[in-house]
S.K.: 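Sharing a structure here in structure tokens format.
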There are 2 protein chains.
Amino acid sequence: MDKKIVFEEDITELARFAKAMSHPVRIHILKKLAHMNTCCYSGDLVEELPVGRSTLSQHLKELKNAGLIQGETEAPYIKYCLNRENWEKVRQLSKDLFD
Amino acid sequence: MDKKIVFEEDITELARFAKAMSHPVRIHILKKLAHMNTCCYSGDLVEELPVGRSTLSQHLKELKNAGLIQGETEAPYIKYCLNRENWEKVRQLSKDLFD
DNA sequence: TTCGTATTTCGTAAAATAACGAAACAAAAG
DNA sequence: CTTTTGTTTCGTTATTTTACGAAATACGAA
């Protein structure tokens, strides 16, 4: 009677992060925040991405829910930055997977 | 008139790979193949994973479509192995993202 | 307070995903 | 040829995702 495993925490967590990164719009945003080591506004992004404002907002929400970014109000804007702590976490999980 | 970008190849490619890895079952399989540096059979996997045979088969198909694994007939089994070439590719894309 | 700007939420529709059991398939064994 | 074994495909259902425009919200400026 071979036991069905329950997934290790690392596995579900990595899957969750991968899901958050499974769309080109979201990869673009993360790449921008990570590489330019900067923050950005929804308004900047909507100019350069091929989606509407509400759609972009949904993508930002998803990244936020996954813990990959965080938004800080800077009225009338909302400044989105990388969530460094979780970014390091997913980096580590990814490293564990590939190395 | 700020131009909407078209996504760079690297971005769509990484998103595609991330999507393929966005489920715990699929992460489990990849992790097993990559870390134990081995191949495996659908029958082995179904014993240890909490999904039915047909569902598992779908996940294997998805990994195959994404180019992350490849199946080789070894009757009456099908032996699934990592697609080393694409594995290296996603490793590199991931490295580019995080480093 | 009213106006204007930046952004999100709501409502909706179309498409994709995940899951299962039943049926089909492929190939070795009898 | 028929059976058995391992696996996949099909048909179906429930859920999630992606997308959009319209309406709502938040808040500083006038």
Side-chain angles (χ1 to χ4, degrees), chain A residues 2 4-7 11-12 14-30 32-33 38-81, chain B residues 2 4-7 11-12 14-30 32-33 38-81:
Chain A
D2 302 281
K4 303 274 183 179
I5 66 162
V6 195
F7 293 113
I11 285 182
T12 51
L14 183 51
R16 223 172 48 78
F17 282 129
K19 191 169 177 182
M21 306 197 303
S22 70
H23 192 287
V25 163
R26 300 196 293 265
I27 291 284
H28 173 94
I29 295 168
L30 292 173
K32 179 164 184 160
L33 295 183
T38 185
C39 297
C40 68
Y41 304 94
S42 174
D44 303 339
L45 292 170
V46 83
E47 294 299 330
E48 62 191 49
L49 289 170
V51 291
R53 292 171 192 286
S54 56
T55 303
L56 175 61
S57 192
Q58 272 186 184
H59 285 300
L60 288 168
K61 189 175 173 183
E62 223 170 309
L63 288 172
K64 206 163 49 180
N65 288 343
L68 291 172
I69 65 173
Q70 53 204 147
E72 186 184 336
T73 298
E74 201 174 72
Y77 301 96
I78 295 172
K79 186 171 71 173
Y80 284 101
C81 309
Chain B
D2 301 282
K4 303 275 184 177
I5 66 163
V6 195
F7 292 113
I11 287 183
T12 52
L14 183 52
R16 223 173 49 78
F17 282 129
K19 190 169 178 183
M21 305 197 304
S22 70
H23 192 287
V25 163
R26 299 197 292 265
I27 291 284
H28 173 95
I29 295 168
L30 291 172
K32 179 162 185 162
L33 295 184
T38 185
C39 297
C40 68
Y41 304 94
S42 173
D44 301 340
L45 293 169
V46 83
E47 295 298 331
E48 63 192 49
L49 289 171
V51 291
R53 292 170 193 285
S54 56
T55 303
L56 175 60
S57 192
Q58 273 187 183
H59 285 300
L60 288 168
K61 189 176 171 181
E62 224 170 309
L63 288 172
K64 207 163 45 179
N65 288 343
L68 290 172
I69 65 172
Q70 52 204 145
E72 187 184 336
T73 298
E74 200 175 71
Y77 302 95
I78 295 174
K79 187 171 72 173
Y80 284 102
C81 309

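Letters A, B, ... mirror the listed sequences (proteins, then strands); counts begin at 1.
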S.K.: Taking NE2 from His23(A) and C1' from dA19(D), how many angstroms apart are they, rounded to a whole number?
M.R.: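 Value for this atom pair: 9 Å.
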
S.K.: In this structure, how many angstroms lie between the C1' atom of dT8(C) and the CD atom of Glu62(A), rounded?
M.R.: 15 Å

S.K.: Just to verify, which of Thr55(A), Asp44(A), Leu56(A) counts as forming a side chain to side chain contact (heavy atoms under 4.5 Å, CB included) with Leu49(A)?
M.R.: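 When side chain to side chain contact (heavy atoms under 4.5 Å, CB included) is applied between Leu49(A) and each of Thr55(A), Asp44(A), Leu56(A), only Leu56(A) qualifies.
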
S.K.: With a 4.0 Å cut-off on N to O distance, would you call Lys32(B) and Glu48(B) a salt bridge?
M.R.: yes

S.K.: Could you give the OH-to-C1' distance, from Tyr77(A) to dG4(C), as a whole number of Å?
M.R.: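 Going from Tyr77(A) (OH) to dG4(C) (C1'), I get 12 Å.
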
S.K.: Verify the contact: side-chain N or O of Ser54(A) to OP1 or OP2 of dG21(D), cut-off strictly under 4.0 Å; return yes or no.
M.R.: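 Answer is no, no contact under 4.0 Å.
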
S.K.: Need to verify one output field. Residue with the more 5' nearest nucleotide on DNA chain D, Leu56(B) or Arg26(A)?
M.R.: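 Between the two, 5'-proximity favours Leu56(B).
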
S.K.: Reckon Lys19(B) has a side-chain N or O less than 4.0 Å from the OP1 or OP2 of dT17(C)?
M.R.: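 True: Lys19(B) side-chain N/O within range (under 4.0 Å) of dT17(C) OP1/OP2.
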
S.K.: Between Gln58(A) (CD) and dC10(C) (C1'), how many Å, whole number?
M.R.: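 These atoms are roughly 10 Å apart.
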
S.K.: Roughly how far apart are Tyr80(A) OH and Cys40(A) SG, rounded to 0.5 Å?
M.R.: 9.5 Å

S.K.: Give the rounded distance in Å between these two atoms: CD1 of Ile78(A) and C1' of dA26(D).
M.R.: 8 Å

S.K.: To the nearest Å, how far apart are Leu63(A) CG and dT18(D) C1'?
M.R.: 14 Å

S.K.: Heavy-atom nearest nucleotide on DNA chain D for Ser22(A) versus Pro76(A): which residue maps closer to 5'?
M.R.: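 Result: Ser22(A).
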
S.K.: Do any side-chain nitrogens or oxygens of His59(B) fall under 4.0 Å of OP1 or OP2 in dT17(C)?
M.R.: no

S.K.: Can you check whether Lys19(B)'s main-chain N or O pairs, donor with acceptor, with Arg26(B)'s side chain at less than 3.5 Å?
M.R.: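 Side chain of Arg26(B) to backbone of Lys19(B): a pair is present.
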
S.K.: Does a side-chain N or O of Thr55(A) approach OP1 or OP2 of dA19(D) to a distance below 4.0 Å, or not?
M.R.: no

S.K.: Output the rounded distance in Å from CZ (Arg16(A)) to P (dA18(C)).
M.R.: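 About 16 Å, once rounded to whole Å.
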
S.K.: Looking for any heavy atom pair under 4.0 Å, which part of the strands does Val51(A) touch: base, sugar-phosphate only, or nothing?
M.R.: sugar-phosphate

S.K.: Looking at Glu47(A), Lys79(A), Glu74(A), which hits side chain to side chain donor-acceptor pair (under 3.5 Å) with Tyr41(A)?
M.R.: Glu74(A)

S.K.: Within this structure, what is the CD1-to-C1' distance between Ile27(A) and dT18(D), rounded to whole angstrom?
M.R.: 16 Å

S.K.: Does a side-chain N or O of Ser42(A) approach OP1 or OP2 of dT8(C) to a distance below 4.0 Å, or not?
M.R.: yes

